[in-house]
Asks: 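Take this structure, written in structure tokens, and hold onto it; I'll ask about it next.
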Amino acid sequence: MTSGRSFLSGLRLSDTQREAVTATDGPLLVFAGAGSGKTRVITCRIAYLLGEKRIAPEEILAVTFTNKAAREMKERVASIVNDPSVTRRLTVCTFHSLGLQILKREHTVIGYPAHFVVFSPYEQVELMKKVMEEERISREQYSPYSVMAVVSRLKNDPDLFNDQRFYLGNIRHGVARRLCEPYQRALKAAAAMDFDDLIMKPLELFEQNEEIRKRYAAKWRYLMVDEYQDTNRAQYRLIRELSSVHGNVCVVGDDDQSIYSWRGARVENILEFEQDFPGTRVVKLEENYRSVAEIVETAGRLIGFNRTRAEKKVFARRRAEEEKPITIHTVMDEAEEADRVAREIVSLSAGGLRYTDLAVMVRTNAQTLPFEKAFARQRIPYRVIGGQKFFENKEIKDLVAYLRILVRPDDEISLRRIINYPTRGIGTVAVEKLFEIAAVERSPALSVAERIGEYALLSPAQRDAIAKFSTLYRGLVDEMACREPVPFAEHLIRTIGIEEAIHRSGESDESVAIRLENIREFVSAVSYHHAERPAEVPREFWLDLINAVALIQSGDENDKKKGVNIITAHSAKGLEFEVVFVPGFYQGGMPNRLALEEGNIEEERRLCYVAFTRARRRLFITIPRMIKVRGRTMPTTVSVFLSEAGLSTMSAAERREMAENYLQRIREKIEQDRPEE
């Protein structure tokens with residue numbers, strides 16, 4: 001057997017990275033600064049456990065936040081240990097995938113059937129609409145989407161449920177709390193769970209059943225959690241339960257990159273880890289291998305203004321080759337800002353940089369339009385990252401809804417979605433009558449549809465249309481049972497006529513082309529899933545695919561279009577580019593106006609830190625002195641982050657002259673935009 005040092009000698013680890021890799025026993029907290037090789041440390045640590053410590057793969061659990069990160073982690077481990085059979089036996093997955101695995105094994109204990117389904121956000125909202133109607137809660141007064149968001153927050157942070165401060169002055173929070181129980185009953189009646197249940201139900205299972213908790217905690221002797229600063233309260237509690245037997249839990253993260261509080265992430269989880277896990281060993285990875293020193297130092301000065309953070313100092317050894325690695329441009333307005341960025345990109349491209357090496361990092365999606373227009377004018381190829389998710393496109397939701405009713409005929413939400421799509425003459429009145437009959441008879445609506453000719457409640461035309469749909473449905477059920485997945489997916493598309501419906505939609509040619517391409521990509525997705533998880537029973541395959549679809553996140557989809565990346569700073573974490581443009585650097589832009597109103601400037605500072613540290617070589621900051629707000633031109637104030645980062649270097653005379661020039665231009669622009677009396 002080789003020694004630990006010889007095992008790791010070929011991996012070129014720094015001393016602190018090696019310390020994090022080899023400290024395998026007991027709780028370990030790894031503060032991994034931006035660009036410090038975090039993923040490398042985790043994968044080498046898993047390889048070290050397998051190769052040097054001789055730990056069985058089945059005893060190792062690594063949890064992260066996206067399927068893409070989990071796949072990459074597993075691939076990197078495979079490249080080190082060079083034994084596919086070993087890596088196949090590892091459990092490397094997302095929190096939600098882990099919860100799904102546990103619940104599928106323990107479904108009888110929680111009173112669920114083996115073939116429960118996971119509701120997507122769309123199905124969750126549709127179910128909430130139904131619950132609100134039954135509970136006589138006005139959907140006009142309380143949006144089902146906003147109520148569902150509060151319910152999700154309560155499930156992810158159970159401590160809020162009885163926290164009276166959460167409900168003071170906010171009636172919507174109280175309404176959501178009241179709807180939690182009937183919503184959960186409706187989920188169970190549909191043999192379904194939502195995303196939050198995939199964390200909460202395993203947690204409840206562990207807290208209420210000590211034998212099951214001990215079994216799972218004993219199963220995984222070594223637990224690793226990536227991006228720990230992004231965990232919420234429920235995920236933190238789940239980690240505590242899973243590490244309760246062996247105590248070998250390693251969490252890796254960076255409090256300076258905690259930017260998801262709006263979806264429940266608690267930076268306190270990583271800052272309080274030492275208190276929660278006594279005997280914790282702390283390792284700080286502070287060397288940035290990604291960016292030039294000038295960018296790292298600038299980002300460091302900025303984040304140093306945060307009070308709620310662990311003490312650390314990220315540094316880089318590589319100095320910039322360019323004379324000005326950080327450039328600041330002040331422009332007239334957002335249109336001029338986009339044009340200025342486009343001209344810089346043309347110049348950089350002419351200098352040899354690929355478009356894919358460049359990123360425009362916006363604070364919100366609403367900022368992308370000027371850049372899309374400017375890039376189109378300059379014929380610069382681009383892609384918007386973090387836009388519409390593949391499985392959230394309407395046409396893909398429709399196909400998945402068909403699959404849902406084929407494997408679960410009692411799925412009312414999916415049936416309502418597609419019974420008259422593509423259009424087949426079944427109007428809203430006919431649909432409601434069908435479900436009324438089903439409710440009275442306590443039969444599935446599809447069962448009633450098979451006997452629709454017996455009901456005089458509907459007109460002959462309505463009965464005929466529903467009967468044709470029933471025949472279509474029965475034929476698809478039969479075909480699903482005997483066809484392989486890919487041929488059936490193609491058959492489904494042809495049979496329901498979805499491509500013809502898209503052609504007839506009246507949308508632009510570009511929109512139609514995109515939607516048709518999505519339909520084709522759906523078949524590819526089915527093929528990919530079948531190659532990964534072949535199943536002898538077709539119904540099992542389609543159920544597995546439906547649940548996998550529900551777990552897929554937008555960041556996991558590979559965008560095949562090559563070009564300049566237009567991306568929100570929230571979507572950029574984990575990515576890196578040669579050159580990064582950060583536009584909208586004014587008070588209300590970066591930092592964002594809503595965040596300032598909520599007093600959340602520290603998270604805005606972390607978000608800016610993330611944006612800065614995505615750049616390897618150069619960083620461009622642009623400041624529009626005027627913006628449009630609801631059609632009106634408004635002057636801006638330079639972001640406070642500029643001076644905090646030490647980038648405000650103009651003399652007083654230069655600032656005064658610039659201010660006077662822009663003030664005059666702003667007056668002229670406002671006068672032009674003033675509506676006529």
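Since the structure is predicted, the reported quantities are computational estimates derived from the model, not experimental observations.
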Asks: Tell me whether Lys433 contacts the main-chain N or O of Leu457 through its side chain, where contact means a donor paired with an acceptor under 3.5 Å.
Replies: yes
Asks: Can you confirm if the aromatic rings of Phe206 and Tyr216 lie within a centre distance of less than 6.0 Å?
Replies: yes
Asks: Which pairs pass salt bridge (Lys or Arg N to Asp or Glu O under 4.0 Å) with one or both residues in residues 413-422, sequence neighbours excluded?
Replies: Asp398-Arg417, Glu412-Arg416, Arg416-Glu432
Asks: Would a distance-only check, ignoring hydrogens and angles, find a side-chain to backbone donor-acceptor pair under 3.5 Å from Arg463 to Tyr455?
Replies: yes
Asks: In Å and rounded to the nearest 0.5 Å, what is the CD1 to OG1 distance from Ile199 to Thr94?
Replies: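 Going from the CD1 atom of Ile199 to the OG1 atom of Thr94 covers 7.5 Å.
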Asks: Are Glu210 and Lys214 close enough for a salt bridge, meaning some N to O gap below 4.0 Å?
Replies: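 Looking at Glu210 and Lys214, the cut-off is met.
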Asks: Is a donor on one side and an acceptor on the other found under 3.5 Å between the side chain of Asn547 and the backbone of Val118?
Replies: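 Checked: pair present.
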Asks: Working to the nearest 0.5 angstrom, can you tell me the gap between His491 NE2 and Leu476 CG?
Replies: 5.5 Å
Asks: Are Phe119 and Met193 packed together at the side-chain level, in the sense that at least one heavy-atom pair is separated by less than 4.5 angstrom?
Replies: no
Asks: Parallel, tilted or perpendicular: which fits the ring planes of Tyr260 and His570, with parallel below 30° and perpendicular above 60°?
Replies: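 Geometry flag for His570 against Tyr260: tilted rings.
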Asks: Could you tell me whether Lys394 sits above the aromatic face of Tyr421, with NZ or CZ closer than 6.0 angstrom to the six-membered ring centre and within 45 degrees of the axis?
Replies: yes
Asks: Mind running side-chain contact (heavy atoms from CB on, under 4.5 Å) on Gln208 and Arg213 for me, showing each step along the way?
Replies: CA-CA 9 Å; Gln208 296 167 11; Arg213 173 186 64 78; over 6 Å; no
Asks: Do NZ/NE/NH1/NH2 and the carboxylate oxygens of Glu59 and Lys219 come within less than 4.0 Å?
Replies: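 No, Glu59 and Lys219 are not salt-bridged.
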Asks: Are any of the side-chain heavy atoms of Val448 and Ile466 separated by less than 4.5 Å?
Replies: no
Asks: Mind telling me whether Phe488 and Trp542 have parallel, tilted or perpendicular rings, with 30° and 60° as the class edges?
Replies: perpendicular
Asks: Check this for me, if you would: do Glu106 and Arg215 make a salt bridge, where the nitrogen-to-carboxylate-oxygen distance has to be below 4.0 angstrom?
Replies: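 Yes.
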Asks: Any side-chain heavy atom of Gln235 within less than 4.5 Å of one from Asn156?
Replies: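 Gln235 vs Asn156: side chains apart.
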Asks: Is Glu441 salt-bridged to Arg451, going by a charged N under 4.0 Å from an acidic O?
Replies: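 A salt bridge is present here (some side-chain N lies under 4.0 Å from a carboxylate O).
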Asks: Is the side chain of Thr495 donor-acceptor paired with the backbone N or O of Leu492 at a distance under 3.5 Å, no angle test?
Replies: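 No.
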Asks: Do the non-hydrogen side-chain atoms of Met148 and Tyr183 ever get within less than 4.5 Å of each other?
Replies: yes
Asks: Kindly give the heavy-atom pair with the smallest separation between Pro409 and Leu446, and that separation in Å.
Replies: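 Taking every non-hydrogen atom into account, O-CD1, 3.4 Å.
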Asks: Is a side-chain donor or acceptor of His96 paired with a backbone partner of Leu198 at a separation under 3.5 angstrom?
Replies: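 Answer holds: no.
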Asks: Give every residue pair that meets the side chain to side chain donor-acceptor pair (under 3.5 Å) criterion with at least one member in residues 402-411, sequence neighbours excluded.
Replies: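 Checked against side chain to side chain donor-acceptor pair (under 3.5 Å) - neighbours excluded - the pairs reaching residues 402-411 are Glu123-Arg404, Tyr402-Arg424, Asp411-Ser414.
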Asks: Using the side-chain hydrogen bond (donor to acceptor under 3.5 Å, both in side chains) rule, take Arg383 and Asn565 through it: C-alpha gap first, then chi angles, then the decisive distance, then the call.
Replies: CA-CA 5 Å; Arg383 58 177 185 167; Asn565 304 277; 2.7 Å; yes
Asks: Looking at every heavy atom in both Asn232 and Gly264, which two are closest together, and how far apart are they?
Replies: CB-O, 3.1 Å
Asks: Run Met224 and Leu61 through side-chain contact (heavy atoms from CB on, under 4.5 Å) and show every step you take.
Replies: CA-CA 6 Å; Met224 276 155 281; Leu61 169 64; over 6 Å; no
Asks: Do Asp196 and Lys201 sit within salt-bridge range, that is, some charged N less than 4.0 Å from a carboxylate O?
Replies: no
Asks: Looking at Glu133 and Lys130, does any basic side-chain N land under 4.0 Å from a carboxylate oxygen?
Replies: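 No, no charged N to carboxylate O under 4.0 Å.
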Asks: Can you find a pair of side-chain heavy atoms, one from Pro381 and one from Val564, that are under 4.5 Å apart?
Replies: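 Heavy-atom side-chain distance check fails, nothing below 4.5 Å.
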Asks: Does the side-chain contact (heavy atoms from CB on, under 4.5 Å) test come out yes or no for Leu100 and Phe116, once each step is laid out?
Replies: CA-CA 10 Å; Leu100 183 60; Phe116 66 83; 3.7 Å; yes
Asks: When you check the gap from the basic side-chain N to the acidic O, do Lys573 and Asp230 get nearer than 4.0 Å?
Replies: yes
Asks: Any non-hydrogen side-chain atom of Cys93 less than 4.5 Å from a side-chain atom of Gln101?
Replies: yes
Asks: May I ask you to check whether over 12 heavy atoms, not counting those of Glu484, lie within 6.0 Å of atom CD?
Replies: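 No, the 6.0 Å shell around CD holds no more than 12 heavy atoms from other groups.
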Asks: Are the side chain of Arg89 and the backbone N or O of Glu58 linked by a donor-acceptor pair below 3.5 Å?
Replies: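 Pair absent, no side-chain N/O of Arg89 close to backbone of Glu58.
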Asks: Please examine the side chains of Asp157 and Arg153, heavy atoms only from C-beta on, and report whether any two atoms are closer than 4.5 Å.
Replies: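 Arg153 does not reach Asp157 side chain to side chain.
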Asks: Under the salt bridge (Lys or Arg N to Asp or Glu O under 4.0 Å) criterion, do Glu499 and Arg494 qualify, and how do the steps go?
Replies: CA-CA 8 Å; Glu499 290 178 311; Arg494 286 193 305 270; over 6 Å; no
Asks: Can you check whether Arg474 reaches Asp478 side chain to side chain, under 4.5 Å on heavy atoms?
Replies: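 Result yes, sub-4.5 Å side-chain heavy-atom pair found.
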